[in-house]
Enquirer: 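I'd like to ask you about the structure that follows.
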Amino acid sequence: MAITNTDVKKYDIQYQLYLLSQIFSTPDLYVRCKNVLKPDYFDKEYQASIQYVHDYSSKYNVTPTLNDIKHNAGFSFAETPVQELNQQATLDSVGEFCRHKALALAIQEGMELVNQKRYGGIEELIREAMLVTVQNDLGLDIYENPEEVISSLANMQGTFKSGWETLNYKLFGGFGRQELEIFAAASGGGKSVVLQNLAVNFSKAGLNGAYISLELAKELVAVRIYGMLVNTAQGRVKVDIDETAAKVKIEEKTNGKLRIHRLPESVTTVNDIESYIRELQIKTGIKLDYVCVDYLDLLTSDRCGPNDKSNAFVKDKFVSEELRALAMKMDLTVFTACQFNRSGVAGEDVKSQAQIAGGISKIYTADNVIYIDARKERREMVFDFQKTRNSSAVGSRLVMSYDIDSLRVLDHAQTVQEMEINTSFRHTHKVAIGNGNLVQTPTINSAPTALNRLQNTLSTVNQKTTTPEPQDINTTKADDKVSSMRNFLSGRM
């Protein structure tokens, strides 16, 4: 049975001459496609002319005329200007031609690599060839639509809610789209727990995402998430299987989609993660809002040479840059984690950026860097803000509630109370608040605020200190302080 090829492209001499005539006759076209216009992609009789135009424009910052090309490069091109409305079509043709030629050259070079048994370089050649494209984005005209620009920024920054209202307040609204967020902790210090809690929070908020595990089995991650989803101790999840499953299915009705995928550590690259995400989106038809990568230190980069793989600074620089580029390219937010080095593990109370394993290259790239200090004996977890691009939280700390049975991390009742007294923060009570091992179920309308609770406490204290017996001066002063505090709080309601 004969196979008909419907994708035949005739890149003969006349086609190349027509493309080059259009490009050289229209300076705007040349500027937009000169990055892919390599002489090697064209037949030999055109290569000198292309190189001359590149050299001329580089030296004088302007394209030469057709007469200049004729007298200095020895080839005559017909005047073939392209109208503005037709320029995109020409750019598409140029991009397709150059990409196909780049692939052809890559295959030729790849055959030589096959003969040398250097198979690793073939994939890189093909990948680079596929990236050959014309730059169609001319940038942002700041005067064209200022209102839309401002609104667009507001939609990107601080609008990706973490599920923890106290953290959102610290970050001026939350995380942003197309950002790289890094959580750092010692080995076993809660990195995976925080990433899994974020995945639960996002799913409950109706967002769609993927959890990439480079360390834990996907079944283990799933069981942990089940316990967090239904607020059940991990031990009970494995015992009350039917009850847990029923509760999880109820959650599915209102929650966003969440996929867990296991990839091998030390050999997985960001390109592997991107390939998985693209395949997942194509097969499910669901656009992902976020991806959790557990964790950055276990990734490698295609850009790492033989000597770079042992250089943690260089490797982590490449990986963090590629993760952030992935966030921008696929319009999602990437959450990941990394480990402390020895000074961080030693438990210094004052944290610094120097405690990140592999060096500061990760912090340079990330949008937010938050250190984790899990205090299991107190059922608390402390977030230490080391870097934030869009808020003033750097240097501050946030105490969270940490239920070591269900592994659930929640806003801490005491933290909420203190923030409501000292700042303009007000908890909506639409999400649960934890206090050690006690969790308050969310209520919207009838839940007392922290200010109410503190006022009730102060009222009780005042009643206890008020007796018919004669009061000494110290008791009177104590009552005055309580009364003043109660009046102050009433004024803030």
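Treat the numbers as computed from the prediction; the structure is a model and nothing was measured.
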Enquirer: Please verify the inter-ring angle class for F160 with F335; under 30° counts as parallel, over 60° as perpendicular, anything in between as tilted.
Expert: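 F160 vs F335 ring planes: tilted.
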Enquirer: Answer yes or no: is there a side-chain heavy-atom contact under 4.5 Å between L323 and L299?
Expert: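 Counting from C-beta outward, L323 and L299 do come under 4.5 Å.
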Enquirer: If you measure from CD on Q178 to CG on L326, what distance do you get to the nearest 0.5 Å?
Expert: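 Taking CD in Q178 and CG in L326, the distance rounds to 11.0 Å.
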Enquirer: Mind running side-chain contact (heavy atoms from CB on, under 4.5 Å) on M400 and D411 for me, showing each step along the way?
Expert: CA-CA 5 Å; M400 308 293 290; D411 286 328; 3.7 Å; yes
Enquirer: Would you give the length of the straight line joining atom CG of L398 to atom CH2 of W164, rounded to the nearest 0.5 angstrom?
Expert: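 L398 CG to W164 CH2: 9.5 Å, rounded to 0.5 Å.
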Enquirer: Taking side chain as C-beta onward, heavy atoms only, is V194 less than 4.5 Å from N197?
Expert: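 Side-chain contact under 4.5 Å: no.
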Enquirer: Using 4.0 Å as the upper bound for N to carboxylate O, is an ion pair formed by E179 and R389?
Expert: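 Here R389 does not pair with E179 in a salt bridge, since their nearest N and O are not under 4.0 Å apart.
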Enquirer: Strictly below 4.0 Å, N to O, side chains only: are E252 and K249 in salt-bridge contact?
Expert: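 Looking at E252 and K249, the cut-off is met.
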Enquirer: If I take atom OG from residue S203 and atom CG from residue L258, how far apart are they, to the nearest 0.5 angstrom?
Expert: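 Here the rounded value is 5.5 Å.
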Enquirer: If every non-hydrogen atom of A393 is compared with every non-hydrogen atom of F385, which pair is closest and at what distance?
Expert: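 Scanning both residues completely, I find the closest heavy atoms to be O-CB, 3.3 Å.
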Enquirer: Please give me the minimum heavy-atom distance between A374 and G189, naming the atom from each residue.
Expert: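 Where A374 meets G189 most closely, the heavy atoms are CB-O, 3.5 Å.
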Enquirer: Hey, is K101 close enough to D40 for a salt bridge, meaning N to O under 4.0 Å?
Expert: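 Result for this pair is no, no salt bridge flagged.
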Enquirer: Return yes if some donor-acceptor pair links the side-chain N/O of K257 with the main-chain N/O of G209 below 3.5 Å, else return no.
Expert: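 No, because the side chain of K257 does not come within donor-acceptor range (under 3.5 Å) of the backbone of G209.
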Enquirer: Given side chains that start at C-beta, do those of D297 and K362 come closer than 4.5 Å, heavy atoms only?
Expert: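 In short, these two side chains touch, coming nearer than 4.5 Å.
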Enquirer: Would you tell me whether Q22 and Y18 have side-chain atoms, one donor and one acceptor, within less than 3.5 Å of each other?
Expert: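 Q22 vs Y18: donor-acceptor pair found between side chains.
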Enquirer: Could I get the full list of side chain to side chain contact (heavy atoms under 4.5 Å, CB included) partners for K34, not counting sequence neighbours?
Expert: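 Side chain to side chain contact (heavy atoms under 4.5 Å, CB included) check on K34 returns Y30, H54.
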Enquirer: To the nearest 0.5 Å, what is the distance between CG on L229 and CD1 on I250?
Expert: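 Going from the CG atom of L229 to the CD1 atom of I250 covers 12.0 Å.
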Enquirer: Taking all heavy atoms of T284 and all of R259, pick out the closest pair and write down the distance.
Expert: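 Reported closest heavy-atom pair: CG2-NH2, 4.0 Å.
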Enquirer: Determine yes or no for a side-chain-to-main-chain donor-acceptor pair under 3.5 angstrom, with D289 supplying the side chain and N208 the backbone.
Expert: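 Confirmed, D289 side chain pairs with N208 backbone.
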Enquirer: How long is the straight-line distance from CD1 of I260 back to CG of L216, given to the nearest 0.5 Å?
Expert: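 Nearest 0.5 Å value for the CG-CD1 distance: 10.5 Å.
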Enquirer: Indicate yes or no: at least one non-hydrogen side-chain atom of F24 is less than 4.5 angstrom from one of P64.
Expert: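 A side-chain contact under 4.5 Å is absent here.
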Enquirer: Give a yes or no on whether the backbone of K317 and the side-chain of S320 come within a donor-acceptor separation of less than 3.5 Å.
Expert: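 Side chain of S320 to backbone of K317: a pair is present.
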Enquirer: For the pair K247 and E251, find out whether any cationic side-chain nitrogen is under 4.0 Å from an anionic carboxylate oxygen.
Expert: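 Judged by the 4.0 Å cut-off on N to carboxylate O distance, K247 and E251 do not form a salt bridge.
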Enquirer: Is the distance between the ring centroids of F77 and F75 less than 6.0 Å?
Expert: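 Ring-ring flag for F77/F75: true, centres closer than 6.0 Å.
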Enquirer: Just by distance, do the side chain of Q87 and the backbone of L29 share a donor-acceptor pair under 3.5 Å?
Expert: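 Pair absent, no side-chain N/O of Q87 close to backbone of L29.
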Enquirer: Is there a side-chain contact (heavy atoms from CB on, under 4.5 Å) between L407 and Y402? Walk through the geometry before answering.
Expert: CA-CA 7 Å; L407 302 182; Y402 178 26; 3.8 Å; yes
Enquirer: Does D384 use its side chain to pair, donor to acceptor, with the backbone of R397 at less than 3.5 Å?
Expert: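 No.
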Enquirer: Compare every heavy atom of I182 with every heavy atom of C338, then report the nearest pair and how far apart it is.
Expert: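 It is SG-CG2, 3.7 Å.
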Enquirer: Is any NZ, NE, NH1 or NH2 atom of the basic residue among K191 and D294 found under 4.0 Å from an Asp or Glu carboxylate oxygen of the other?
Expert: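 Not counted as a salt bridge, because no side-chain N and carboxylate O are separated by less than 4.0 Å.
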Enquirer: Give the minimum heavy-atom separation between T336 and L296, together with the two atoms involved.
Expert: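 Looking at all heavy atoms of both residues, the shortest contact is OG1-N, 3.1 Å.
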Enquirer: Of the non-hydrogen atoms in S162 and L198, which two are nearest, and what is the gap between them?
Expert: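 Heavy atoms of S162 and L198 come nearest at O-CD2, 3.8 Å.
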Enquirer: Please check if the side chain of N72 supplies one atom and the backbone of D68 the other of a donor-acceptor pair under 3.5 Å.
Expert: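 Answer holds: yes.
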Enquirer: Does one side chain, of E165 or T428, offer a donor that lies under 3.5 Å from an acceptor on the other?
Expert: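 Their side chains do contain a donor-acceptor pair, which is all the 3.5 Å distance test asks for.
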Enquirer: How far apart are the C-alpha atoms of D331 and K287, what are their side-chain angles, what is the distance that settles it, and do they pass the side-chain contact (heavy atoms from CB on, under 4.5 Å) test?
Expert: CA-CA 9 Å; D331 186 31; K287 169 72 171 66; 4.1 Å; yes
Enquirer: Checking side-chain polar atoms at under 3.5 Å, does S275 have a donor or acceptor matched by the opposite partner on D272?
Expert: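 Per modelled atom types, S275 and D272 side chains form no pair under 3.5 Å.
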Enquirer: Between R32 and T90, does the side-chain contact (heavy atoms from CB on, under 4.5 Å) criterion hold? Intermediate values first, please.
Expert: CA-CA 11 Å; R32 296 177 65 179; T90 303; over 6 Å; no
Enquirer: When you measure from the side chain of Y46 to the backbone of I13, do you find a donor-acceptor pair of N or O atoms at a distance under 3.5 Å?
Expert: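 Answer holds: yes.
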Enquirer: Where does the angle between the aromatic ring planes of F42 and F97 fall among parallel (under 30°), tilted (30 to 60°) and perpendicular (over 60°)?
Expert: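 The arrangement is tilted - the two ring planes meet at 30° to 60°.
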Enquirer: What ring pair (Phe, Tyr, Trp, His ring centres under 6.0 Å) pairs are there with at least one residue in residues 249-270, not counting sequence neighbours?
Expert: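 Sorted pair list: H261-Y276.
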Enquirer: Side chain of Q51, backbone of P39: donor and acceptor closer than 3.5 Å?
Expert: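 Absent.
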Enquirer: Does the side chain of V319 come within less than 4.5 Å of T300's, by heavy atoms?
Expert: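 Contact flag for T300/V319 side chains = no.
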Enquirer: With a 4.5 Å limit on heavy-atom distance, are the side chains of R224 and V193 in contact?
Expert: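 Side-chain contact under 4.5 Å: yes.
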Enquirer: With the side chain counted from C-beta on, respond yes when D92 and Q88 share a heavy-atom pair under 4.5 Å apart, and no when they do not.
Expert: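 Heavy-atom side-chain distance check passes, below 4.5 Å.
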Enquirer: State whether the side chain of K204 and the backbone N or O of T254 hold a donor-acceptor pair below 3.5 Å, judged by distance alone.
Expert: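 Absent.
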Enquirer: Run the side chain to side chain contact (heavy atoms under 4.5 Å, CB included) test against E148 and tell me which residues pass, sequence neighbours left out.
Expert: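 Per chain and number, E148 pairs via side chain to side chain contact (heavy atoms under 4.5 Å, CB included) with N145.
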Enquirer: Are more than 12 heavy atoms, taken from residues, nucleotides or ligands other than E79, located less than 6.0 Å from that residue's CD atom?
Expert: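 It does: E79 CD has more than 12 such atoms within range.
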Enquirer: Does the S213 side chain pair with the main chain of K218, one donor and one acceptor, at a distance under 3.5 Å?
Expert: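 A pair under 3.5 Å: no.
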Enquirer: Just so I know, are the side chains of M330 and V291 near enough to count as touching, which here means a heavy-atom distance under 4.5 Å?
Expert: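 They are not in contact (no side-chain heavy atoms under 4.5 Å apart), so the answer is no.
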Enquirer: Drop me the distance from E322's CD to S301's OG, to the nearest 0.5 angstrom.
Expert: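 One gets 3.5 Å once the value is rounded to the nearest 0.5 Å.
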